[in-house]
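Only one structure is covered here, and it is reproduced in the block below.
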Amino acid sequence: MNSFVFPPGVSETGRFIDKVSALNRRFLRQTAFAIHSRLLDELGEAWEECKHANWDGYGALPVTRDALRNAYCFLEALPFDFPAPTIAGNPNGFFALEWYRNPRRVISVNVTPDCLLHYAALRGANREYGTEAFYGDIPQAIFDAIRRVYS
Amino acid sequence: MIDPLQVPPVDPSERLTRFLLSKRQIRQDGTIRPEAFIPKPYLELSVTRHRDASETEIWEIGNAVANAQQKILHGRRRPFIERPWADGGSFLRCFLSWFCTKWAE
């Protein structure tokens with residue numbers, strides 16, 4: 001699969017709107033929500049740690065630049081008022097974003113280099129998991145799953 | 001030390017350890033993230049068998065492994081050895097169940 005996050009707009013106008021929206025979103029996050037820059041710092045630190053093979057001592061695959069880019073886009077696409085995840089590497093070369101309230105209410109979203117989002121969530125006795133394609137917006141299923149962990 | 005040519009099968013009650021060489025695998029509350037137990041990229045997970053080793057000896061093994069790889073040993077955790085998709089509601093089981101099923105396809 002070609003790893004590329006497609007913008008939703010394909011016309012010149014559509015691309016312009018996407019670009020302006022993204023810039024505005026970034027500006028808002030950087031000014032009003034310091035959490036965003038902290039998240040991106042954490043993403044960078046996680047990548048520094050996981051970008052080489054065997055970063056876990058058990059033969060883990062390196063987390064690639066494609067996975068980094070997709071994780072960045074995923075974090076950029078999160079709503080402003082959303083809780084912040086913690087970030088770690090996955091031995092398969094993914095980024096693992098985790099929203100953790102307690103051992104019984106937690107969700108992990110794994111961002112792959114080829115624009116897939118593997119997620120698994122636990123809410124009490126309820127479990128849900130699956131895979132969604134990532135095209136630049138948070139898939140509704142994952143959005144709802146994260147919200148349910150905090151509901 | 002186990003004879004490498006005669007490795008006995010793992011007993012269900014045997015104590016095992018997975019060393020944690022990435023601090024990100026440990027949450028702030030001290031619990032362990034499931035990524036620490038992902039059997040990459042096959043359905044096998046490297047662990048250290050306690051057998052007759054003492055706690056001190058297990059830590060020494062972990063430190064030796066970490067030093068040999070120029071990494072820091074951040075902790076260790078006993079993984080469960082039953083099938084992760086067996087009954088049980090922990091997030092680790094849920095998560096591993098999903099990943100193991102995925103990789104087995």
Side-chain angles (χ1 to χ4, degrees), chain A residues 42-63 84-112 116-132 145 149, chain B residues 17-48 61-77 79 84-85 87-103 105:
Chain A
E42 189 179 341
L43 179 65
E45 288 166 13
W47 190 62
E48 251 332 286
E49 184 183 308
C50 304
K51 68 181 180 183
H52 299 297
N54 192 37
W55 53 265
D56 69 346
Y58 287 102
L61 299 176
V63 177
T86 56
I87 305 169
N90 174 308
N92 288 286
F94 311 155
F95 269 115
L97 314 179
E98 185 180 78
W99 286 260
Y100 175 86
R101 282 185 69 186
N102 59 52
R104 307 288 299 181
R105 295 188 83 82
V106 54
I107 177 169
S108 177
V109 177
N110 281 252
V111 184
T112 77
L116 292 177
L117 304 170
H118 302 303
Y119 68 99
L122 183 69
R123 287 178 297 113
N126 299 318
R127 310 173 197 187
E128 54 185 310
Y129 39 83
T131 299
E132 296 281 335
V149 165
Chain B
T17 279
R18 176 89 165 165
F19 295 114
L20 305 173
L21 303 184
S22 167
K23 67 174 187 280
R24 295 185 177 276
Q25 293 173 332
I26 305 172
R27 299 189 185 103
Q28 281 193 333
D29 67 357
T31 56
I32 310 299
R33 291 176 64 128
E35 292 83 27
F37 302 99
I38 287 182
K40 188 284 324 165
Y42 311 106
L43 299 180
E44 296 174 345
L45 185 72
S46 294
V47 293
T48 300
I61 292 169
N63 276 315
V65 170
N67 287 338
Q69 304 197 42
Q70 296 181 317
K71 296 180 187 300
I72 297 170
L73 177 64
H74 293 282
R76 67 182 175 90
R77 179 74 161 86
W85 46 88
D87 288 340
S90 81
F91 180 59
L92 187 57
R93 283 197 174 92
C94 170
F95 187 89
L96 288 179
S97 166
W98 161 234
F99 266 88
C100 290
T101 307
K102 187 80 188 159
W103 306 142
E105 285 172 355

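Labels below follow one simple rule: chain letters A, B, ... track the order of the sequence lines, proteins then strands, and each chain is numbered from 1.
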Under a 4.5 Å heavy-atom cutoff, which of L20(B), V65(B), D29(B) has the most pairs with chain A?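 Of the candidates given, the most pairs with chain A belong to D29(B).
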Close side-chain approach of [X] to [Y], heavy-atom, < 4.5 Å:
| X | Y | value |
| --- | --- | --- |
| R18(B) | D56(A) | yes |
| T86(A) | Q28(B) | no |
| R24(B) | E42(A) | yes |

Contact class of T31(B) relative to chain A, heavy atoms under 4.5 angstrom: side chain
Side chain of Y58(A), backbone of A36(B): donor and acceptor closer than 3.5 Å?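 Checked: no pair found.
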Has R33(B) got a side-chain atom pairing as donor or acceptor with A96(A)'s backbone, closer than 3.5 angstrom?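 Looks like yes, one N/O pair under 3.5 Å.
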Which atom pair, heavy atoms only, marks the closest approach of Q25(B) to W55(A)? NE2-CZ3, 4.0 Å
Which value, rounded to the nearest 0.5 Å, describes the distance between Q69(B) atom CD and N54(A) atom CG? 4.5 Å
To the nearest 0.5 Å, what is the distance between CZ on R27(B) and CD on E98(A)?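 With rounding to 0.5 Å, CZ (R27(B)) is 4.0 Å from CD (E98(A)).
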